[in-house]
Each structure stands twice: as structure tokens, then as C-alpha cells.
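Below: one structure, written as C-alpha cells.
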2 protein chains.
Amino acid sequence: MLPRKIADSTVRRLAIYLRFLEEFEDQGRDTVSSEALAHRAGTTSAQVRKDLSFFGSFGKRGLGYDVHALGIRLREILGLGRRYRVLIVGAGRLAGALVQYAGFSARGFEVVAVVDRDPDKIGTAWGEIVIEGVAQLEEIVVREQVEIAILVTPADPAQGLVDRLVQAGVTAVLNFAPVQLHVPEGVDVKNVNLAVELETLSYALAHRVHA
Amino acid sequence: MLPRKIADSTVRRLAIYLRFLEEFEDQGRDTVSSEALAHRAGTTSAQVRKDLSFFGSFGKRGLGYDVHALGIRLREILGLGRRYRVLIVGAGRLAGALVQYAGFSARGFEVVAVVDRDPDKIGTAWGEIVIEGVAQLEEIVVREQVEIAILVTPADPAQGLVDRLVQAGVTAVLNFAPVQLHVPEGVDVKNVNLAVELETLSYALAHRVHA
DNA sequence: AGCATATTGTGAAATCTTTCACGAGCGCCG
DNA sequence: CGGCGCTCGTGAAAGATTTCACAATATGCT
């Protein structure tokens, strides 16, 4: 389960395949072909087979893949066999949407704490979770054994917060702040930037062939 | 302003450069080197120069780029010289966060309507905007001259909704629903899938070299 | 059993993206 | 005004990813 270096694009597709596999499983299908998966995932069958081949050979020639078995295998590969304890930094609306998003906890990502800077928010409850002060950041990371932090703050304080998180032991960060975070070797950061997504759309609109 | 085919990765980086350029402009800096931009954007100076070179040559050798002029040029390239009218489909919490997100309107993306399926939500106001019924989808697209739709619904209804949007004339879609949408030639779709982002993080955690 | 059909697994080829490396232009200073 | 130091622009090389194409193997039918 440990090939040297797998492309990020491959890992993302594996996550997408898993989603459709689960759908097929719910529908009671036993097997699925690379072609069927590819169609659902918006890629090609050769791509699906190549992606999977990095991790072993799971299919049966002439038949396809066993839906259930491949699902298990993909969850294993993606590290989804266990739960992850997640801290959300910043209690704005986007944070609220993330806390409530069922897709996360279904996949094993459990939000265990939320912190914010605003004294008016500290102490208020979001469902099970009571918002704590950002001053307690380090204490919370240790107390809750946080492994993943989701940063949902303005650009300005983001780097300082990530420094504190890393210092406290967090090694994986999902960053929504529109800055490039600098972190030491061994810490993973994934960036999500909604403005950038919209801007690639406007690029496409602007450069469309006008008939 | 019309090179054949520009990589998506390049366009995304241009959007990122623009963000830092604006920051530099606010700081009153007149010029910036490819090296400085690269550092902020988490890439290399050669990459920055190559990205820009697809669209012309904007720098001065020995000096760098004029912050103001390059900003204008990038906004032009990205199609940000005008405002875009955006419809949000689905009025959940994530939609709420998007409506309120200042970054969008600052970049010229103006939310002109929100629709939902839930009769309890229809008629309630979100700031300036009154939520309308999904039945009015086509009417709203025409009335408001919608160009971009943001789909923030569960997976199930997403394809049907996108079919209706395309039929009504929308040609750009930002899709948060965890499905691969099938659209005709000439329609652009960008996908944002938060679960996939987290799963690439858990992949990284699972495959880390355990010292 | 033999044949037709389906679909995987995978090297090799094609394509795409990033990095390298260096010539050339620009401004400053003496 | 000439030389120096800086930084761009870019073709070519390297590296990464995707696509191709086909042998291998499984099933089912007669």
C-alpha cells in the first residue's frame, strides 16, 4: 500500500471513484467496469485502470471490479479506515456550513472544536460544540488530539495561526484563507480558494470563441 | 489576448498572482519581481515568467513588473473587467456563506438571485435578496440575465437542474454538488468538492513516512 | 471443449507542464 | 559614457501525466 510517489490528480480521482462506488453499492450492483466508473467520474477507462494499477490489481478481466471489495480497498488507500479529529479555526458562516456538512462526518472527519477571535462568539454553542477563544488554540489541539485543522479566517491572521497550529502538533491543514501558507517539511496543506475558482470561470467566459 | 490553449493550472496561478499584486499595490509598491511574486504564490520565478509570457511581455528587464500595469493586464486576461450576474441554486448554509462572501462582489461577481426547493425558505430575505422557488429557474435566468450559476444542492437533483440552467442559457457553472455534471459543448463547469480535499489530506496522513 | 465476447493490466507513445539556463535589455553609478 | 548588477523572456531539456493499444484472462454459450 506504499508506492513511492502518487500524483495528486490520481489521489483526487480515487476519492471520486469511491463516491460512485458507494452509489453503485447502494444500488445493489456487484461489479462495475472501468468504463462505467470513468463515465460517472468524467474521465476515461484507461485512466481509471492506470490509477488503480498503482496500488495493485483489483479487477477480473472480462468482468470488471467487485464493487464492495474495491470500495474497501479504496478506503484503505485513502486512509479512511479511521476517524480524524478536526479543529475549525474561525467561526464565520463558511465554518458554520462546514460544521453542519454531513459529508464530513460520514467520511470519518469529526469536528471536535471551533475557535474564534471574536469575544461575542466565544461561549455560544453550535450544536454540540461550544466556540472557544483562539487563545486556547494550543491547549485545544493537545486536549482534543487534533490531527487536522481547517482554517477559515481572513488572509491576515492565517500564517500566524498556522505557525501556532504546527507548533502545537497539527500536521494537516485545509486552508480557505486566500494566502499561500509556509509550513515546515512534513506538514501538508491543501488550499481551497473560491475566488480563484470563479475567476477561472470568468477566464473561460472571456476567452470563449464568440460565434 | 487570445492564445490557443492555456493550461488550467496557469489560469489559476494568474488569479493568485493578481491577489498578491493587489496586496503590493495597497502597500504602495511600484514594481515587483517574478521572484517576489513566486515566493508569495508558492511557486518559482521561472513559472511566473512563463505563465505571463503566454500573454505577452509585461516586465522590464533588470527591474521587474509594474505593479499597477500588470494588475490591469491580469484583470483583463482573466475577464475581470466587467461584472458578472450570478444565480445561486440551493439556499443551504454554504449558499448563505457564499452570498455574504465579500470577496465575490469585490471581484465583480454579483449574486442577483437565490432559488430553493423548500417552500419554507421561499419568500424569506437574505439581505437584499429574496429567495425564490426553483420552479422560476428559467424565468429568473432570463429576467436577471444570469451568466454564471453556482450549484449548491445535494447530488441528486444537480444534473436535472444543470440541464434546465443550460437550456435557459447559462454557460458557466460552479458546482459544489458531489457529482460529475454532463453538459453540452460550450458550457463550462468547475467542480469544488470539499470531501475530496479532505480525503487527499487523509491520504497524505496515511502515507506519511512514520519515523 | 472451443469459440465469441468482454474487460483488465500495462508497457510504450504521445502529450502536457515545469524547470533550466542563458542571451538580452534596463537602470544606476562612477 | 561604459561597465556592472539585476531581472526578464524564452527555447530547449527534463519530468510528469494521460492516452493508446494489445496481450492476457475470465465468462458464457453452443
**Q.** Under 4.0 angstrom between B/Gln47 side-chain N/O and C/dT19 OP1 or OP2
**A.**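 Yes, B/Gln47 has a side-chain N/O under 4.0 Å of OP1/OP2 on C/dT19.
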Q: Quick one: closest heavy-atom pair of B/Val166 and B/Pro184, and the distance?
A: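 Residues B/Val166 and B/Pro184, closest heavy atoms: CG1-CG, 3.8 Å.
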Q | Closest approach of A/Phe55 to A/Phe58 (non-hydrogen atoms, all atoms of both residues) | A | O-CZ, 3.5 Å
Taking ring-ring contact (aromatic ring centres under 6.0 Å, His included) as the test, write out the residues that go with [X], two or more places apart.
X        : value
A/Phe20  : none
B/His182 : A/His39
B/Tyr84  : B/Phe109

Q | Sugar-phosphate or base contact per nucleotide [nucleotides 5-12 of chain C; S, B, -; heavy atom under 4.0 Å] | A | -BBBBBBB
(Q) For a quick check under 3.5 Å, do A/Arg208 and B/Thr171 share a side-chain donor-acceptor pair by atom type? (A) yes
Q.
A side-chain contact here means heavy atoms from C-beta on lying under 4.5 Å apart; do B/Leu18 and B/Arg75 qualify?
A.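 Yes, close enough: below the 4.5 Å cut-off.
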Q: For DNA chain D, determine which residues of residues 19-28 of chain A have any heavy atom closer than 4.0 angstrom to one of its atoms, and list them numerically.
A: none
Q: Could you check which residues of residues 7-17 of chain A get a heavy atom under 4.0 Å from DNA chain D? Sort them by number, please.
A: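 By residue number: A/Ala7, A/Ser9, A/Arg13.
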Q. How would you list all residue pairs meeting ring-ring contact (aromatic ring centres under 6.0 Å, His included) that involve residues 140-181 of chain B, not counting sequence neighbours?
A.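 Residue pairs with at least one partner in residues 140-181 of chain B: there are none.
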Q. What pairs of residues pass the ring-ring contact (aromatic ring centres under 6.0 Å, His included) test when at least one of them lies in residues 135-167 of chain B, not counting sequence neighbours?
A.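 For residues 135-167 of chain B: none.
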**Q.** Summary of salt bridge (charged side-chain N to carboxylate O under 4.0 Å, His left out) pairs that have at least one residue in residues 158-177 of chain B, sequence neighbours excluded
**A.** B/Glu138-B/Arg164
Q. How close or far is atom P of C/dC16 from atom CG of B/Asp51, stated in whole angstroms?
A. 17 Å
Atom pairs and distances, donor-acceptor, side-chain atoms in residues 41-48 of chain B, under 3.5 Å, two or more places apart:
residue	atom	partner	partner atom	Å
B/Thr44	OG1	B/Gln47	N	3.2
B/Ser45	OG	B/Arg49	NH1	3.4
B/Gln47	NE2	B/Asp51	OD1	3.3

Q: Using a heavy-atom cut-off of under 4.0 Å over every strand shown, decide if B/Thr44 touches base, sugar-phosphate, or nothing.
A: sugar-phosphate
Q | A/Glu35: partners by salt bridge (Lys or Arg N to Asp or Glu O under 4.0 Å), with sequence neighbours left out | A | none
Q.
With heavy atoms of chain B within less than 4.0 Å as the criterion, where does contact along DNA chain D begin and end?
A. D/dC6 to D/dA12
**Q.** Salt-bridge present (A/Arg40, A/Glu23; N to O < 4.0 Å)
**A.** yes
